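Below: one structure, written as structure tokens.
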Amino acid sequence: MLNHLPQGNDPVSAFSVPCHNYHRICDLLLSSARSRSTSRGLQLHGYVVKSGLSLIPLVANNLINFYSKSQLPLDSRRAFEDCPQKSSTTWSSVISCFAQNELPWMALEFLRIMMEGNLRPDDHILPSATKSCGILSRCDIGKSVHCLSMKTGYDADVFVGSSLVDMYAKCGDIVDARNMFDEMPQRNVVTWSGMMYGYAQMGENEEALLLFKEALFENLAVNDYSFSSVISVCANSTLLELGRQIQGLCVKSSFDSSSFVGSSLVSLYSKCGVLEGACQVFDETPVKNLGIWNAMLKACAQHSDAKKVIQLFKQMKRSGMKPNFITFLNVLNACNHAGLLDEGKYYFDLMKEYRIEPTDKHYASLVDMLGRAGKLEEALKVITNMPIDPTESVWGALLTNCTNHKNTELAAFAADKVFELGRVSSGMHISLSNAYAADGRFKDSAEARKLLRDRGEKKETGLSWVEERNKVHTFAAGERRHERSKEIYEKLAELGEEMEKAGYVADTSFVLREVDGDEKNQTIRYHSEKLAIAFGLITFSADRPIRVIKNLRVCGDCHNAIKFMSVCTGRVIIVRDNNRFHRFENGKCSCNDYW
DNA sequence: TTAGGGTTAG
């Protein structure tokens, strides 16, 4: 392969090398990086060192870039150190290499060293430095890079400005991101993407959508980046119809074949309860990246199809795609929800073969799996033996299952462990309170809630919503603010009688307040999901499934009640809670009561 | 002219 390269066996200095040859070497280094032929690049490196060509600055820079693109940052650094004449391009190459290869601190350190040598950062170096701050979520350092950009006058550059917008967005500083965005003399699609991402990150989905609309209005050439972001915004707000319209725009502009767009679309359909849509997008995406595989696995897991998850995992392996920790998390959750304990344990152990260290979330899934099967002691053993510190989610998994299995002693132990971790999320206080309440110990239960109040936190309000055309109808338990409230409550009363005739009995143990029986029954009768379903019943035609989204977990009584609702009305009712889907049909739920 | 900024899946 090297035969046609210059034969320079005895190069004393760079000057003895014919000029036209080193350009050829540079081309070859670049193409090796692009085609990911690392071995060819390494051969070329050996050759240029031997022939003395590595002394030529252009060749040295190309070596740095070759290693950077080959994801070998430390070799890139070595090539940088061997480079005799370091221009600002040389510095730029090595700093961008660190920024792109998960060494943001080193990128910033090299910027410092460079400036100590009295070199000023330029418009190529500043974006890499800014990006590093974004990766580290270090707004403070990012601000000093911003100052540096202003001092050097590069803050007006569209690359520098866009990277600053993105950095502020990644650090969660949406106000500074917007200020930067507004002040920029020139903006392009990257600037807009960064800003949109910022809003989406902060959960300001409406602002993100507004910005996208504005971008379209300004005739900005939106691309696959923009589409995948905006679709994920729709997915997070479960705006199926809007998402479908944007998918139409993607098809028109031929961006629908992008695997990034595909991943967002799979997630959109999945989160909106349309598994068939997710499958179709997945099948039609020509080149599948890890993201779309993971999105598809998650979709099947959310829809309780563990068999398909395992099948997909095997298919994925056959296609040569390497699973990552997210892949395994999806597989474990699928096994957990399907009650496949042995399979779950198998996949947990399989992670070792792929040299993937289980995170606290993987352990939480395993603990939950064991806990659901009633193996509380074994679950505890997993926690005490795990090599990383158990987090709230791990102890929480044990706590919830102890409550369900009425082991209040172990539940209290798990709760103590959670408190030892320091700040506890509000949901966890509720879990402890539930543990006592389920055992009839209302005083302790109240104490746990008091602790929550003392910390100035409140339980997240349970909300359910239904999408009707492009409108979202939201309901909270017991409220009567909706314009059709009267009809909704009438429908519930009428349905309640039918359900009771069919054998439904309200399970009041899910009401946590210590009140008398009648009031308990009233509270539980009007949980938000029941109101939302009643709205669906009086609004949608009989053949249309009723899709309800809920921000919290469905309570046990509602879960049971909805089964009866599906029998009495003959409707398909799909409820997405904060975690997964429940498809109710003919008195059965797709989760097999395992949720 | 070799170097720079933005996406998905969790």
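Order of the sequence lines sets the chain letters (A, B, ...), proteins ahead of strands, with each chain counted from 1. Given the structure is predicted, the values throughout are model-derived calculations rather than measurements.
Listed by first then second residue, pairs satisfying side chain to side chain donor-acceptor pair (under 3.5 Å) with a partner in residues 209-224 of chain A read A:Asn223-A:Ser226, not counting sequence neighbours. Applying the ring-ring contact (aromatic ring centres under 6.0 Å, His included) definition to pairs two or more places apart or across chains, those involving residues 141-175 of chain A are A:His146-A:Tyr168. Applying the ring-ring contact (aromatic ring centres under 6.0 Å, His included) test to residues at least two apart or on different chains, the pairs with a partner in residues 238-263 of chain A are A:Phe227-A:Phe255. The ring-ring contact (aromatic ring centres under 6.0 Å, His included) analysis of residues 173-192 of chain A, with sequence neighbours excluded, yields the pairs A:Phe181-A:Trp192. Residue pairs that meet the ring-ring contact (aromatic ring centres under 6.0 Å, His included) test with at least one member in residues 55-96 of chain A, sequence neighbours left out, are A:His45-A:Tyr67, A:Phe80-A:Trp91, A:Phe80-A:Phe110.
Every residue meeting the side-chain hydrogen bond (donor to acceptor under 3.5 Å, both in side chains) condition with A:Thr359, not counting sequence neighbours, appears here in chain and number order: A:His362. Every residue meeting the ring-ring contact (aromatic ring centres under 6.0 Å, His included) condition with A:Phe348, not counting sequence neighbours, appears here in chain and number order: A:Tyr363.
Shown for residues 155-174 of chain A: residues whose heavy atoms fall under 4.0 angstrom of DNA chain B, namely A:Asp157, A:Val158, A:Phe159, A:Ser162, A:Ser163, A:Asp166, A:Lys170. Using a 4.0 Å cutoff on non-hydrogen atoms, the parts of residues 195-223 of chain A near DNA chain B are A:Tyr197, A:Asn223, ordered by number. Applying a 4.0 Å cut-off to non-hydrogen atoms, none of the residues of residues 102-117 of chain A approaches DNA chain B.
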Less than 3.5 Å apart, which donor and acceptor atoms pair up between the side chains of residues 239-250 of chain A and the rest of the protein, not counting sequence neighbours?
residue, atom, partner, partner atom, Å
A:Glu241, OE2, A:Arg244, NH1, 3.4
A:Gln247, OE1, A:Tyr269, OH, 2.6

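Here the SG atom belonging to A:Cys335 is positioned 5.5 Å from the CG atom belonging to A:Leu340, to the nearest 0.5 angstrom.
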Going through the checks in order, is the side chain to side chain donor-acceptor pair (under 3.5 Å) test met by A:Asp577 and A:Asn551? CA-CA 6 Å; A:Asp577 63 13; A:Asn551 63 341; over 6 Å; no
Using ring-ring contact (aromatic ring centres under 6.0 Å, His included), reason through A:Phe98 and A:Trp105 one step at a time and then give a plain yes or no. CA-CA 8 Å; A:Phe98 297 146; A:Trp105 280 118; over 10 Å; no
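Looking at heavy-atom distances under 4.0 Å, A:Lys69 makes contact with sugar-phosphate atoms alone, never a base. If you check every strand for non-hydrogen atoms under 4.0 Å, A:Ser96 touches sugar and phosphate atoms only. Among the protein residues, A:Leu58 comes within range of the nucleic acid bases, having at least one heavy atom under 4.0 Å from a base atom.
When DNA chain B is scanned in the 5' to 3' direction for atoms under 4.0 Å from non-hydrogen atoms of chain A, the outermost contacting nucleotides are B:dT2 to B:dG10.
Here A:Arg78 does not pair with A:Asp82 in a salt bridge; the nearest charged N to carboxylate O distance is not below 4.0 Å.
Residue A:Glu357 qualifies as open at atom CD: its count of foreign heavy atoms under 6.0 Å is 12 or below.
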